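Take a look at the structure below.
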There are 2 protein chains.
Amino acid sequence: MKLSLDLDRSAPVPLYFQIARQIEAAIADGTLQPGTRLENELLLAEQLNLSRLTIRRAIQHLVDKGLLVRKRGVGTQVVHGQVKRAAKLTSLYDDLVKAGRTPSTKVLKLALEPAPPEAAAALGVPEGSNVLAIERLRGTQDGPLAILRNWLPEELAAFLTTEQLEQHGLYQLLRANGVHLRVASQQIGATPATTAESRLLDENRGAPLLTMTRTTFGDVGQAVEYAFDSYRASRYSYETTLVDR
Amino acid sequence: MKLSLDLDRSAPVPLYFQIARQIEAAIADGTLQPGTRLENELLLAEQLNLSRLTIRRAIQHLVDKGLLVRKRGVGTQVVHGQVKRAAKLTSLYDDLVKAGRTPSTKVLKLALEPAPPEAAAALGVPEGSNVLAIERLRGTQDGPLAILRNWLPEELAAFLTTEQLEQHGLYQLLRANGVHLRVASQQIGATPATTAESRLLDENRGAPLLTMTRTTFGDVGQAVEYAFDSYRASRYSYETTLVDR
DNA sequence: TAGTGGTCTAGACCACCGG
DNA sequence: CGGTGGTCTAGACCACTAA
């Protein structure tokens, strides 16, 4: 199989990324079938007039995404069977929009409060000092989906209003105000719904909820958010891709 | 802060990995405090007599692990607050051993059976063709922990016996027989325990179980395993790290 | 043994950030 | 503006795999 890849060296998009995107598209549309071996790196580099390292980076990008596998002495092949998209640092809001659904948000709480112990520890502030506490009910046209509870450093309160939060995702608002998220540490579990949760989510008391406890860090390593989310397990599951390296 | 890093150029360990390991250790033992800025890449490269690219790879490795964050024009810093270990392609068995617990395994089923539809689709075999079906109850000294259900291609049946499975992890056995796992696509959800599950796991009927549905691929892209695991949510949660790149 | 990916070098130019 | 990381080149040698 011969791929036709083209490059725009004047574009602001890195060359390795242009390549990766085109190979990914070829896999998605079936041009590159599962099990197909890519041409070797030297050949690809020569054909595209790129250095081998740039080709390698493009391939590495797709290996990290779980679309390709490499084996020394053998080659690079397309993974059999489609891989689910990997977990990324995106918000539920963005995910719902991308899936063509219409997210709705009801702000249940937006207040400066003394930080509960776990939140204080995660954010690196003294226990009991004031932090911004947010509680939201996220739903779609099909009904409620999750209770989202967030605690943020006090200084981020400035640009977060109920109106903003009901029209946009939290991460989107943070990004728009120059807060860039880089790393999150997350723990996923399950609990039975409490009476209060069951009412909000339209489930029976004791119904299983998928819970995510998360601390998110910004681009200079500071903690930006501590979150405790509860999802209706009947309507939501978490997809991820693991790669061995 | 001056780090003392040393290299062994005759060792079979890649240089970038030697560097990464030492920086990671320095973070772990507190030599590099959260928020500390690393020296810039040019300087590090010069001091260690390495090319900048090698240094970059070492740093990139730790960024991927969630230990460092980079920002153009600013520098590289240690993330505040400890990050949980990222989800890797390891087995529950290995994880338990590493955590100092003693895993026990009871094989409930080990048989060649017609593949159920989802398993057939995941493994890429015709529906109803024979596959190896395994069902195990995994526990620790503290009681049962999870029901592990696996379906594997028929040809892997050769070296999997009840005795082997009760003494070792499945992934461990696969690896020992030349089957190398590379990528897994996983879906995490929650369900109420059925009567049968509640009996095996010593929970009440309807208690929340954390479920993982997983397809794992080997190093030439072939599907090696389809799994459906149910964990007691009261005793197990799934930890992961997300990195934006 | 031939072919593949894995690592490494010594340069270069650019984009972004902060003062 | 100076300093940082981001991208890229054109080579080189090595380790592993399969025939």
Side-chain angles (χ1 to χ4, degrees), chain A residues 5 7-21 23 36-64 68-79 175 178-180 182 218-222 243-245, chain B residues 7-21 23 36-64 68-78 175 178-180 182 218-222 243-245:
Chain A
L5 301 170
L7 295 175
D8 178 356
R9 283 180 180 268
S10 66
V13 182
L15 297 176
Y16 82 89
F17 194 77
Q18 293 185 34
I19 301 291
R21 199 166 41 182
I23 296 178
T36 309
R37 276 237 324 261
L38 258 59
E39 294 178 279
N40 73 56
E41 301 175 349
L42 266 339
L43 218 55
L44 280 171
E46 195 183 347
Q47 287 171 10
L48 292 164
N49 234 328
L50 287 174
S51 93
R52 186 180 160 213
L53 205 58
T54 304
I55 293 291
R56 274 184 66 74
R57 262 217 269 182
I59 293 176
Q60 185 62 50
H61 187 78
L62 298 179
V63 169
D64 289 343
L68 299 176
V69 286
R70 286 203 272 211
K71 194 176 184 184
R72 181 160 19 182
V74 176
T76 305
Q77 306 184 37
V78 180
V79 168
R175 235 173 266 274
V179 180
H180 299 281
R182 280 293 165 83
D219 54 10
V220 287
Q222 83 287 18
V243 180
D244 184 28
R245 356 193 197 172
Chain B
L7 295 175
D8 178 357
R9 284 180 180 269
S10 67
V13 182
L15 297 176
Y16 81 89
F17 194 77
Q18 293 185 34
I19 300 292
R21 200 166 39 183
I23 296 179
T36 310
R37 275 234 330 256
L38 259 59
E39 294 178 280
N40 74 54
E41 301 175 349
L42 265 339
L43 218 55
L44 281 171
E46 195 183 346
Q47 287 170 10
L48 292 164
N49 234 329
L50 287 173
S51 93
R52 185 180 160 212
L53 205 59
T54 304
I55 293 290
R56 273 184 67 74
R57 262 218 268 182
I59 293 176
Q60 185 63 50
H61 187 79
L62 298 179
V63 169
D64 289 344
L68 298 177
V69 288
R70 286 203 274 212
K71 195 175 184 184
R72 181 162 18 186
V74 176
T76 305
Q77 306 184 38
V78 180
R175 234 173 265 274
V179 179
H180 299 281
R182 280 294 166 85
D219 54 10
V220 288
Q222 82 287 18
V243 180
D244 183 28
R245 351 192 201 179

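On a predicted model such as this, the values are computed, not experimentally measured, just so you know. Just so we're on the same page: letters track the sequence lines, and every chain starts at 1.
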Send over the distance from [X] [atom1] to [N] [atom2], rounded to a whole Å.
X: A:Arg57; N: D:dT9; atom1: CZ; atom2: C1'; answer: 12 Å
X: B:Arg70; N: C:dC16; atom1: CZ; atom2: P; answer: 16 Å
X: B:Glu39; N: D:dG3; atom1: CD; atom2: P; answer: 15 Å
X: B:Arg37; N: D:dG5; atom1: CZ; atom2: C1'; answer: 11 Å
X: B:Glu46; N: D:dT4; atom1: CD; atom2: P; answer: 12 Å
X: A:His61; N: D:dG6; atom1: NE2; atom2: P; answer: 15 Å
X: B:Lys71; N: C:dG19; atom1: NZ; atom2: P; answer: 11 Å
X: B:Leu7; N: C:dT7; atom1: CG; atom2: C1'; answer: 14 Å

Measuring from B:Leu38:CG to B:Ile59:CD1, what's the distance to the nearest 0.5 Å?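 Atom-to-atom, B:Leu38:CG and B:Ile59:CD1 are 6.0 Å apart.
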
If you round to the nearest 0.5 Å, how far is CG of B:Leu68 from NE2 of B:His61?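 It comes to 10.5 Å.
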
So which one's nearest nucleotide on DNA chain C is more toward 5', B:Val13 or A:His180?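 It is B:Val13 whose nearest nucleotide is closer to the 5' end.
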
With a 3.5 Å cut-off and heavy atoms only, can you find an N or O donor on one side and an acceptor on the other between the side chain of B:Arg72 and the base of C:dG18?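 No pair found.
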
A:Leu44 and A:Leu50, any side-chain heavy atoms less than 4.5 Å apart: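 Result no, sub-4.5 Å side-chain heavy-atom pair not found.
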
Less than 4.0 angstrom between a side-chain N/O of [X] and OP1 or OP2 of [N], yes or no?
X: B:Thr54; N: C:dT7; answer: no
X: A:Tyr16; N: D:dC8; answer: no
X: A:Thr76; N: C:dG5; answer: yes
X: B:Asn40; N: D:dG3; answer: no

On DNA chain D, nearest-nucleotide positions of A:Arg9 versus B:Arg52: which is more 5'?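 The 5'-side residue here is B:Arg52.
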
Taking the nucleotide of DNA chain D with the nearest heavy atom to each, does A:Val74 or B:Arg56 sit closer to the 5' end?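 Looking at DNA chain D, the more 5' nearest nucleotide goes with B:Arg56.
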
For the residue pair B:Val220 and B:Gln222, what are the closest heavy atoms and their distance?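 For B:Val220 versus B:Gln222, the nearest heavy atoms are CG2-OE1, 3.1 Å.
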
Check against side-chain contact (heavy atoms from CB on, under 4.5 Å), A:Val69 and A:Val79: CA-CA 6 Å; A:Val69 286; A:Val79 168; 3.7 Å; yes

So what does B:Leu42 hit on the nucleic acid, given a heavy-atom distance under 4.0 Å: a base, only sugar-phosphate, or nothing?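 The answer is nothing, as B:Leu42 stays clear of every strand by at least 4.0 Å.
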
Base, sugar-phosphate, or nothing for B:Leu53, non-hydrogen atoms under 4.0 angstrom?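 Answer is base: heavy atoms of B:Leu53 come under 4.0 Å of a base.
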
